[in-house]
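Since the structure comes first, as structure tokens, the remarks are kept for the end.
Fair warning: this is a prediction, and the values are worked out from it, not measured in the lab. Both counts, for ligands and for their atoms, begin at 1 and track the order of listing.
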Amino acid sequence: MKTKSTEHVIDFGPRKIAYRLHRGDRRRLRIVVYPDLSVDVFAPRTATDSNIHEAVKKKAPWIARSIDDLESYHPLPAPKRYVSGETLVYLGRQYRLKVENGNREPAKLRGRFLCVRTEKKTDIKSVKRAVDEWYRMRAIEILGRYTERCYVVASRHGIPEPVITVRSMRSRWGSCSPAGRITLNLKLMQLPVQCIEYVIMHELCHLKHPNHSRQFYSFLTRCLPDWKKRKETLDRVRLS
Ligand SMILES: [Zn+2]
């Protein structure tokens, strides 16, 4: 059936959020924020305008946060000099490096800063080692956590439990071997989590379809229905 779409605006504090409303044969309201910062609302044909308006208003904090996250996301190169003030990117957000002299200890995230304490803060190698080590520890935890989550979905379709390896790769976000080993790029830690999930699910789906056939993509869609939107964000990042 044909869906009809109309343009609307809601107020959220001082800001205005515009959205396109599509009515159709569906039971629930669904809101999608796209990487181009546009917002679509899909609503049941039977819902009244004021019902929809109220529902969207309730979701306004989430919509605003999603827009802000996408807007603030500019892929940046890794620090080059490893000095205080340099920007680094972690899970799609920017942080500043803060380097202090003192007894060496593992790097820590504090607010919007990644704090590194080392015996000699002008020792680039030592600072770099602390930063790299921090990314690696976070990668093991976060990539492990998201792989588990994705696996909960993929395992319903008979996917074997993968063995995960994390390492820095030059040209790929992830890869998988016929034996069921998935390798994830350490640089994924710079990406928003929705991209990380996409890469992991993509590789998990290859354990069933080791190619990019139509069957692979329809299986991916079953496991991760909004993968295209996530891929669009990922495609804006250049792996260097
Ligand atoms: Zn692939």
Do [X] and [Y] have side-chain heavy atoms sitting under 4.5 Å apart?
| X | Y | answer |
| --- | --- | --- |
| Y198 | L220 | yes |
| I67 | V39 | yes |
| L21 | S5 | no |

query = Taking only residues at least two apart or on different chains, which pairs with a member in residues 200-216 satisfy salt bridge (Lys or Arg N to Asp or Glu O under 4.0 Å)?
reply = none
request  = Sort by chain and number the protein N/O/S atoms that are closer than 2.8 Å to the Zn ion (ligand 1), and list them.
outcome  =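 Metal shell, protein only: H202 NE2, H206 NE2, H212 NE2.
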Contacts table for residues 49-63: side-chain donor-acceptor under 3.5 angstrom, sequence neighbours left out:
from	atom 1	to	atom 2	distance (Å)
D49	OD1	R23	NH2	2.4
N51	OD1	T48	OG1	3.0

I'd like a table of donor-acceptor pairs (distance under 3.5 Å, sequence neighbours excluded) in which one partner is a side-chain atom from residues 110-121, with atom names and distances.
from	atom 1	to	atom 2	distance (Å)
R112	NH2	Q94	O	3.1
T118	OG1	S126	OG	2.6
E119	OE2	R104	N	3.4

